[in-house]
Amino acid sequence: MSELDEQIQNRRDKRQALAAAGVPVYPHRYEWDLEPTDVKTKYAAATAEELEALGLRLRVPGRVKAIRQQGKIVFLDLHDGREKLQLFIRKNQIPEADLQILDHLDLGDQLGASGQLIRTRAGELSLMVDGLTFLAKALRPMPEKWHGLADVEVRYRQRYLDLASNEDSRKVFETRAAIVRTLRTFLEARGFLEVETPMMHHIPGGATARPFKTHHNALDIDLYLRIAPELFLKRLLVGGIPRVYEINRNFRNEGISTRHNPEFTMLEFYWAYADYRQMMDFTEELIAAVAEAALAVQGKAEVTWEGRPINLARPWARLTMREAITRYAGLPDERLDSLESLQAIFAERGLAAPAGGTYGHHLMALFEAVAEEHLFDPVFITDHPVDVSPLAKQRPDDPRFVERFELYIAGMELANAFSELNDPDVQAERFRQQLTAREAGDAEAHLYDADYVRALEHAMPPAAGNGTGIDRLTMVLTDRQSIRDVILFPLLRPEAD
RNA sequence: GGGCCGCUAGCUCAACUGGCAGAGCAGCAGACUCUUAAUCUGCGGGUUGAAGGUUCGAUUCCUUCGCGGCUCACCA
């Protein structure tokens, strides 16, 4: 028998022994008063004398994280995922039936304990136990108590073990929850209405990406998991919801990396009567509020990336895409003015020509190649080329460019926003151009969405829209360099066997 | 998909240039009435990711495969 099988058998035997002694091994409920974390926070300051005078009797549930036996007394740590509460058990002061439980307990078991709250001589807040309730058996051994679980593969595949043994991991997901909560609070306070739009699309749109394909049997039609909610949310602007947002999953059938998971969470919001400049101000405020909440949860004073502080002081820098290239590549602005000139730069630098091959594709690719990695503190990169921005409104003074920005922090694109194109005829023309690009081999060019154009024909108010990646925002605010560390169950290949 | 790296006991990790696979924690048995990584005594636990190959001998070298990490490509 292998060592693991032996441990499992031991634990099964103990469970059997308890059942034979008449102990319900999987009871249906447990009446409890406080969890360990709440006990710790409420009575952190109480002295031994105060607790004695109080004579507080509590029932506390949790997972057994440590057992320290010392002759006829047993110390036991009960954990609720955040904090532990120590149980102090005198074996001769609990009922015979509960002694059975104690004698058949293993690390990892779920247990309820009743008793009086005291402080030990060593000063540890503890429950002086007078009764135990068995709640569930851990048939498998927990990861080691001191080093926790280090194997990244197991941490991702068996996240329950990661959460149960690594406090840091729990903290990341608490922070993520605070980030989403703060986004909602901020937007709700400003009159934005939360909506849910379809995840299954006939025409995948609103972003440049390859979709997942699926099939509906009863209708016998192919459907696509959405790559963005954008076109539906803007239909809602037409419908008379001038401030609207959605926080939900997008799906993109592309490579996996430290910054990409096939399903990821996006906030998209649309703000009628505003343009992209107002949206920049709004975004600064929004992200600053979220950062503050994230720091509070983590008990940190500043946002850091790989230990290096990120300066979130406002106002944040704003650079046009051409200015960013000029600054970081040392290229004069005049050389960024034509496709021919850009192609010459690509040739000089040995850069591969981008898919699509237009002026805009080249400018965007050049920006990503030379500037992106330098953008550590928050910066808005603005004024993208029109041919890579088919849903954005052109600049009145230079229609080759659009009123758009991307927010970069720690070298990562966190948000993408623009003044929304609302002229149906221009939009129709942009869609046609995308189709042409598609026919020329650009697999990610947008599809023509006739109903969306029809919606614009009913008049969409001028508006600014913003899409912010929640996973990446969480990465930045928790100093995690892999997106898998901020997604509870990241996509992995299935396990062998 | 390409390149590089990793996979040893339940967990965390050792094992020199190819020469008897180890430690701590966890487990099992015992001692101990204020411990908190408790301590002390003793014991058990391995298809070294899988399959082949080279060799007197492979955790170690080679090949293929699996899974993971980083990175490039793609992208948000």
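Chain identifiers are assigned alphabetically (A, B, ...) following the order of the sequence lines, protein sequences preceding nucleic acid strands; residue numbering begins at 1 within each chain. The analysis underlying the following values was restricted to heavy atoms, covering all of them including side chains, and did not include hydrogens, waters or symmetry mates.
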Tell me the interatomic distance from E83(A), atom CD, to U36(B), atom C1', rounded to whole angstroms.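 Nearest whole value for this atom pair: 14 Å.
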In whole angstrom, give the distance that lies between atom CG of N10(A) and atom P of G10(B).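 Answer to the nearest Å: 14 Å.
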With a 3.5 Å cut-off and just heavy-atom distances, do the side chain of [X] and the base of [N] make a donor-acceptor pair?
{"X": "Q70(A)", "N": "U33(B)", "result": "no"}
{"X": "Q86(A)", "N": "U35(B)", "result": "yes"}
{"X": "D151(A)", "N": "U12(B)", "result": "no"}

So [X], base contact, sugar-phosphate only, or nothing? Heavy-atom distance under 4.0 Å.
{"X": "T258(A)", "value": "sugar-phosphate"}
{"X": "I8(A)", "value": "nothing"}
{"X": "A122(A)", "value": "base"}
{"X": "S126(A)", "value": "nothing"}
{"X": "R90(A)", "value": "base"}
{"X": "G148(A)", "value": "sugar-phosphate"}
{"X": "L492(A)", "value": "sugar-phosphate"}

Counting side-chain heavy atoms from C-beta on, which of [options] comes nearest to [X]?
{"X": "Q69(A)", "options": "C34(B), G24(B), C32(B)", "value": "C32(B)"}
{"X": "T208(A)", "options": "A76(B), U12(B), C34(B)", "value": "A76(B)"}
{"X": "K14(A)", "options": "U35(B), A76(B), G27(B)", "value": "G27(B)"}
{"X": "E413(A)", "options": "A26(B), A76(B), C28(B)", "value": "A76(B)"}
{"X": "F264(A)", "options": "G27(B), U71(B), A76(B)", "value": "A76(B)"}

What distance, rounded to whole Å, do you find between the two [atom1] atoms, one in [N] and one in [M]?
{"N": "U17(B)", "M": "C61(B)", "atom1": "C1'", "result": "12 Å"}
{"N": "G46(B)", "M": "A14(B)", "atom1": "C1'", "result": "15 Å"}
{"N": "G22(B)", "M": "G44(B)", "atom1": "C1'", "result": "15 Å"}

Give a yes or no on this: more than 12 heavy atoms of other residues, nucleotides or ligands lie within 6.0 Å of atom [atom1] of [X].
{"X": "R59(A)", "atom1": "CZ", "answer": "yes"}
{"X": "E348(A)", "atom1": "CD", "answer": "yes"}
{"X": "R57(A)", "atom1": "CZ", "answer": "yes"}

Check: T37(A)/E83(A) side-chain N/O donor and acceptor closer than 3.5 Å: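 There is no such pair (donor and acceptor under 3.5 Å, judged by atom type) between the side chains of T37(A) and E83(A).
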Is R259(A) close enough to C72(B) that one of its side-chain N or O atoms is under 4.0 Å from OP1 or OP2 there?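 No, outside the criterion.
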On RNA chain B, nearest-nucleotide positions of P141(A) versus R252(A): which is more 5'?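 Its nearest nucleotide being more 5', the pick is P141(A).
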How far does CD1 of I483(A) sit from CZ of F264(A), to the nearest 0.5 angstrom?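 I483(A) atom CD1 to F264(A) atom CZ measures 8.0 Å (nearest 0.5 Å).
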